Amino acid sequence: MDFYFDAKIWASDTVCAALRPVSPTLFATSCGRFIDGFFVSIELLVIATLIGFPLAIGLALARTSRSSILSALSYSYSYVFRGTPLLVQLWIFYYGFGALGASGLGLLWPLFRDAYSVGLIVLTINTSAYSAEIIRGGIVNVPNGQLEAAVASGMSWWTTMRRIVLPQALRIAWPAYSNEVLLLLKGSALVSTITVLDLMGQTRTIFARSYSLDIFVYAVILYLILSGGLTVLLRWIEMRMRLPGY
Amino acid sequence: MTGALGLLSFGDGGWGDELLRGTLVTLQLAVCALALGLSLGLLLSAMKLSKHRLPRYIGDLYIAFIRATPEFLILLLFYFGIERAVQAVLVAVGLDVAFEMPRFLAAVIGLAAIFSAYAAEVFRGAYMAVPNGQIEAAIACGMSDWQTFNRVRLPQMWRFAIPGLGNLWMVLLKDTSLAAVIAVDDLLRQAKIGSESTRAPLTFYLAAGAIYLVLTGVSDLARNGLERRARRGMAGV
Amino acid sequence: MRMLKQLMFASLVVAGAIAAGPAGAQQKTITIATEGAYPPFNAKDSTGALIGFDVDIAKALCEEMKAKCEIVAQDWDGIIPGLEAKKYDAISASMSITDERKQKVDFTNPYYSNYLRILAKKGSGITGPDGLKGKTVGAQRSTVAATYSEDKLGRTSTVKLYDTQTAAYSDLEAGRLDALVSDVYPAYDWLKDKPEYEFVGEKIDLNDKIGIAVRKGDTELQSAFNKALKAIRDNGTYGKLNAKYFPFDIF
């Protein structure tokens with residue numbers, strides 16, 4: 001954790017010192033904000049992905065399981081959260097549930113009080129709904145014969161999934177999943193509408209004080225850096241997952 | 001619950017008619033952006049399939065920019081950017097004419113700009129999906145380039161493009177909600193106005209969510225129907 | 001195609017207005033933007049019509065100038081860019097006259113004065129800016145209250161910025177904010193139905209004057225507004241509008 005804070009301070013100092021000559025009036029006041037927002041966007045993305053991914057696997061397994069109740073529940077979850085705009089979901093959770101207050105939400109209130117955690121919850125739910133569909137697609141594409149062979153050799157359902165089906169399903173689903181992570185990064189900009197100061201939130205705050213369109217151009221550059229880095233990382237994982245001979 | 005129903009009822013006291021009007025604006029946004037986005041997408045895919053390097057390069061750059069930038073940021077960029085650019089051009093040529101760009105138009109252009117980048121990839125895929133043998137056969141029959149494109153490639157491209165375009169339509173429909181942030185009176189904005197005057201945000205945003213769900217649900221059914229139609233006569237599907 | 005026609009039509013109208021000189025200028029419609037989310041100064045009723053003090057003042061000025069005016073709604077974030085882009089000719093939206101804004105627009109003489117107050121729940125124990133250390137404070141993005149909160153309170157308190165004032169109120173009520181920094185008048189209006197909240201501490205006077213913004217260099221409209229403003233101050237129209245909203249003088 002210390003390392004992370006040091007990295008933030010280092011980035012803030014070094015990058016901003018380097019940028020100041022480019023536009024002294026703009027960067028003197030706004031550079032630190034940009035860097036802050038940049039890191040908040042990364043945090044949101046990383047945490048939502050790390051929680052959303054296993055959640056999505058669980059949902060996909062439920063969807064493909066023989067239990068019709070589990071399958072229907074998983075289907076409805078995906079249907080609702082894929083069928084409504086992320087912006088509406090954010091506003092339902094932040095302004096809608098938030099209006100119920102501490103008395104209405106009880107123990108859940110600490111989670112809903114904080115805009116950052118509401119943003120994180122909604123992003124996680126949203127990405128898990130989309131990812132579940134993608135992983136389900138991977139699971140049904142694993143040849144049936146392998147399943148039968150696994151069952152015939154005495155493996156339990158869980159062992160079959162863990163050892164045979166999921167490793168192949170994830171390999172099949174990875175390119176589509178990478179795309180979803182990229183969409184999540186872009187979608188995360190919407191948390192700025194519920195007062196979270198991510199990269200987009202900082203950008204809009206700086207714009208509100210300066211009315212300078214340059215701000216948006218710098219924000220685009222930062223998002224290009226983020227999505228570029230993300231694409232390289234996801235491709236690297238894809239290569240690592242690839243089996244020899246494929 | 002009667003309170004919630006009262007809020008959403010039609011007439012002077014209720015906000016049902018406002019929400020309905022907002023829903024129509026949302027659909028108008030989506031349909032206009034679809035029309036413009038399909039045209040731009042075809043143009044972009046033509047650039048990407050071009051024999052020359054420059055149009056290919058520009059197409060790649062544009063698509064990379066759209067894919068990497070948040071939709072929200074693109075919309076704000078178009079909203080504030082186009083107007084200032086046009087104004088600057090007008091001033092530069094010595095015309096002191098008021099250029100007024102409606103917010104609705106700004107939203108349509110922004111949404112179409114996003115849609116076109118993804119649609120271009122779909123069209124390119126569909127173009128390549130038409131088997132080469134058919135093209136060779138058409139040329140062998142003595143068809144011109146245009147005839148080959150118009151009679152052999154284009155009718156089949158739609159078949160291959162429809163599933164992808166259906167997905168993009170759903171994404172577009174949901175993205176229209178962003179227009180609320182630049183104050184286009186769409187469904188979400190009407191819900192926001194309603195929730196702020198009545199202090200019942202949960203009711204209004206849930207209602208808006210339900211309407212979006214109906215819109216995407218109906219679209220999903222329509223897409224399945226279209227896909228079935230597009231697959232008619234195809235072997236092995 | 002229709003847009004092109006409209007553009008051509010608009011240029012004809014403008015050209016006509018210039019050619020006709022002062023007599024023609026009186027017939028020209030002045031479009032004035034307001035936000036519509038800042039009661040009691042500007043708000044929307046359930047039919048969507050714009051109401052409030054800013055709207056009434058704008059209408060009174062137009063009547064005094066014998067000009068035809070149209071009031072349109074525009075979200076706060078885009079309100080100055082919209083003026084620069086000539087979507088409308090003036091902004092009557094309780095806009096504070098600041099040096100930052102003066103680089104982009106020109107202002108008329110002030111039509112009222114504003115100061116900031118801090119709002120908190122009764123019994124919160126907050127007695128002023130010093131009591132906000134470690135607390136969460138809200139304000140509307142791109143207002144004087146936001147600049148004050150970020151610059152003066154940002155180091156010791158968590159500052160949350162909202163796209164609209166109403167969103168900030170709902171978070172204060174939801175308990176997400178310990179206090180809200182706000183212009184005094186809308187807060188005064190809001191407190192009327194909220195007996196559990198109160199002003200805390202002294203008023204924060206930032207020499208904050210409110211004016212109507214016009215495009216940079218549009219001195220013709222600026223001086224017409226100034227003349228009309230003086231006239232409605234003198235003939236009692238202003239006093240009547242003031243009394244309609246506040247029991248004390250706000251000029």
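In what follows, every chain begins at residue 1, and chains take the letters A, B, ... in the order their sequences are listed. Predicted, not measured: the structure shown is a model, and the values here were computed from it.
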Partner chain B: residue of V217(A), L183(A), I92(A) with the largest heavy-atom pair count (under 4.5 Å): I92(A)
Flag side-chain contact, heavy atom, 4.5 Å: Y223(A) against P70(B): yes
Heavy-atom pair count under 4.5 Å with chain A, highest-scoring of K192(B), E71(B), R199(B): E71(B)
Atom CD1 of I69(A) with >12 non-hydrogen neighbours under 6.0 angstrom: no
Worked verdict on L213(A) versus R84(B) for side chain to side chain contact (heavy atoms under 4.5 Å, CB included): CA-CA 9 Å; L213(A) 270 183; R84(B) 282 201 204 177; 3.8 Å; yes
Residue part contacting chain A, namely of R67(B), when any heavy atom lies under 4.5 Å: both
Nearest non-hydrogen partners of F65(B) and L224(A), listed with the distance: CA-CD2, 4.4 Å
Segment of T84(A) engaging chain B (4.5 angstrom heavy-atom cut-off): both
F207(A) ring center within less than 6.0 Å of F80(B) ring center: yes
Residues of residues 111-120 of chain A with any heavy atom under 4.5 Å of a heavy atom in chain B: none
Enclosure of R56(B) CZ (heavy-atom neighbours >12, cutoff 6.0 Å): yes
Side-chain heavy atoms of F72(B) within contact of L87(A), under 4.5 Å: no
L190(A) side chain reached by L178(B) side chain, heavy atoms, under 4.5 Å: yes
Part of S188(A) lying under 4.5 Å from any heavy atom of chain B: neither
Minimum side-chain heavy-atom gap Q89(A)-Y212(B) below 4.5 Å: no
Set of residues satisfying side-chain hydrogen bond (donor to acceptor under 3.5 Å, both in side chains) with respect to E238(A), sequence neighbours excluded: none
Partners passing side-chain hydrogen bond (donor to acceptor under 3.5 Å, both in side chains) against Y118(B) (at least two apart in sequence or in another chain): K186(A)
Chain A contacts, top residue of T216(B), D175(B), L213(B) (heavy-atom pairs, under 4.5 Å): L213(B)
Contacts under 3.5 angstrom, residues 95-110 of chain A side chains, donor-acceptor by atom type, not counting sequence neighbours:
from	atom 1	to	atom 2	distance (Å)
Y95(A)	OH	T193(A)	O	3.4

Among the listed options L73(B), T69(B), T176(B), the residue most often paired with chain A at heavy-atom distances under 4.5 Å: L73(B)
Which of A189(A), S227(A), A219(A), P85(A) touches chain B most, by non-hydrogen pairs under 4.5 Å: P85(A)
